Amino acid sequence: MMEKNRYTDEELEEFKEIILKKLEKAMSDYDLLRASIDNSDSNDVSDTSPTFKTLNESANLLSKQESSLLAERQQKFIKNLQAALVRIENKTYGICRETGKLIPKERLRAVPHATLSIEAKEGGAR
């Protein structure tokens, strides 16, 4: 029996649904992160002690930095999911970019934007 070199249209449709759901959630999460960054100064501490105000401002800055890092990671995740949708449209989705073999369905269901098989990712494909 010949080895498959691409997923069927039905299989690609299944992956597309998974990706669209993850993309919707990722975009929602990104919007929440952006809102938390933009609104983190809304709690006014002008009537409290100077020490508390300094501590609170430091905590806000740290929280803003953490939120910015999370937002960056989320944005990268969104771009990876969008790229996966393009690969589905091109019918190249699920093909390992190192080995040229199909990435197992289980891996794609867990990491739908994967472009490498576990074998290639761990360096065994070289």
Side-chain angles (χ1 to χ4, degrees):
M1 188 166 138
M2 215 168 107
E3 190 176 322
K4 274 174 58 169
N5 62 359
R6 83 168 191 88
Y7 284 110
T8 66
D9 290 347
E10 292 79 22
E11 291 167 321
L12 291 175
E13 192 59 36
E14 175 194 341
F15 290 124
K16 184 176 182 178
E17 288 176 29
I18 291 169
I19 292 169
L20 287 172
K21 284 178 188 169
K22 286 194 180 269
L23 187 58
E24 184 179 342
K25 178 162 179 10
M27 291 174 103
S28 173
D29 291 349
Y30 176 76
D31 289 342
L32 288 172
L33 284 167
R34 292 297 316 157
S36 76
I37 293 167
D38 295 340
N39 296 327
S40 65
D41 291 332
S42 63
N43 291 337
D44 190 16
V45 292
S46 59
D47 61 345
T48 59
S49 74
T51 304
F52 178 76
K53 184 175 180 180
T54 303
L55 288 172
N56 194 43
E57 287 172 349
S58 296
N60 278 343
L61 179 62
L62 186 59
S63 179
K64 227 179 196 181
Q65 288 172 336
E66 288 171 348
S67 293
S68 290
L69 286 173
L70 287 172
E72 272 182 50
R73 287 185 67 194
Q74 199 65 12
Q75 197 170 33
K76 183 179 176 186
F77 181 55
I78 289 167
K79 285 181 182 179
N80 287 337
L81 289 172
Q82 290 169 333
L85 288 173
V86 170
R87 290 192 303 278
I88 285 175
E89 293 304 313
N90 295 337
K91 300 189 187 309
T92 59
Y93 179 81
I95 300 169
C96 176
R97 62 185 160 91
E98 292 265 330
T99 66
K101 296 178 184 174
L102 282 183
I103 298 169
K105 284 184 183 183
E106 300 75 34
R107 173 157 169 73
L108 291 172
R109 286 184 183 120
V111 185
H113 58 285
T115 60
L116 293 173
S117 64
I118 294 290
E119 175 190 11
K121 190 169 174 74
E122 292 176 347
R126 293 189 178 118

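Values below: every heavy atom of this structure, side chains too, minus hydrogens, waters and symmetry copies. The chain is numbered in sequence order, starting from 1. Treat the numbers as computed from the prediction; the structure is a model and nothing was measured.
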**Q** Would you indicate whether the side-chain heavy atoms of S117 and E98 approach each other to under 4.5 Å?
**A** no
**Q** Between the side chains of K16 and E89, is the shortest nitrogen-to-carboxylate-oxygen separation below 4.0 Å, so that they form an ion pair?
**A**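 Judged by the 4.0 Å cut-off on N to carboxylate O distance, E89 and K16 do form a salt bridge.
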**Q** At what distance, to the nearest 0.5 angstrom, does CG of L108 lie from CD1 of I19?
**A** 8.0 Å
**Q** Nearest heavy-atom pair of A71 and I37: which atoms, and what distance?
**A** CB-CD1, 4.2 Å
**Q** Could you state whether F77 and L33 fall into the same hydrophobic cluster, counting links through intermediate Ile, Leu, Val, Met, Phe, Trp or Tyr residues with side-chain heavy atoms under 4.5 angstrom apart?
**A**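 No: no chain of side-chain contacts under 4.5 Å links F77 to L33.
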**Q** Atom CG of L102 and atom NZ of K4: how far apart are they, to the nearest 0.5 Å?
**A** 6.5 Å
**Q** Are the side chain of S67 and the backbone of S63 linked by a donor-acceptor contact shorter than 3.5 Å?
**A** yes
**Q** Look at the side-chain heavy atoms of Ile, Leu, Val, Met, Phe, Trp and Tyr, link any pair under 4.5 Å apart, and say whether L81 and V111 land in one connected group.
**A**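 No, because L81 and V111 fall into different hydrophobic clusters, even though each may have its own neighbours under 4.5 Å.
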**Q** Which atoms form the tightest heavy-atom contact between R109 and K22, and what is the distance?
**A** O-CE, 4.4 Å
**Q** Given 3.5 Å as the limit, does a donor-acceptor pair link the side chain of E17 with the main chain of E14, or not?
**A**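 Answer holds: no.
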**Q** What's the verdict on side-chain contact (heavy atoms from CB on, under 4.5 Å) for L20 and L85, showing C-alpha distance, side-chain angles and the deciding distance?
**A** CA-CA 8 Å; L20 287 172; L85 288 173; 3.8 Å; yes
**Q** Is it true that a side-chain atom of Q74 and a backbone atom of A26 form a donor plus acceptor pair closer than 3.5 Å?
**A** yes
**Q** Roughly how far apart are E24 CD and I78 CD1, rounded to 0.5 Å?
**A** 11.5 Å
**Q** In terms of the angle between their ring planes, are Y7 and F15 parallel, tilted or perpendicular, with boundaries placed at 30° and 60°?
**A** perpendicular
**Q** Taking everything shown except R73 itself, do over 12 heavy atoms lie less than 6.0 Å from its CZ?
**A** no
**Q** Please name the pair of heavy atoms, one in R87 and one in H113, separated by the smallest distance, quoted to 0.1 Å.
**A** NH2-O, 3.3 Å
**Q** With rounding to the nearest 0.5 Å, note down the distance linking CE in M27 to CD in Q82.
**A**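 CD of Q82 is found 5.5 Å from CE of M27.
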**Q** Indicate the atoms forming the closest heavy-atom contact of C96 with L116, along with that distance.
**A**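 Here C96 and L116 meet closest at SG-CA, 3.9 Å.
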**Q** Indicate yes or no: at least one non-hydrogen side-chain atom of I103 is less than 4.5 angstrom from one of E106.
**A**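 A side-chain contact under 4.5 Å is absent here.
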**Q** What are the two closest non-hydrogen atoms of I95 and G100, and how far apart are they?
**A**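 Distance-wise, the nearest heavy atoms are CG2-O, 3.5 Å.
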**Q** Check whether any side-chain heavy atom of K76 sits under 4.5 Å from a side-chain heavy atom of E72, and report yes or no.
**A** no
**Q** Below 4.5 Å, heavy atoms only, C-beta onward: do K91 and L12 meet side chain to side chain?
**A**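 Sidechains of L12 and K91: in contact.
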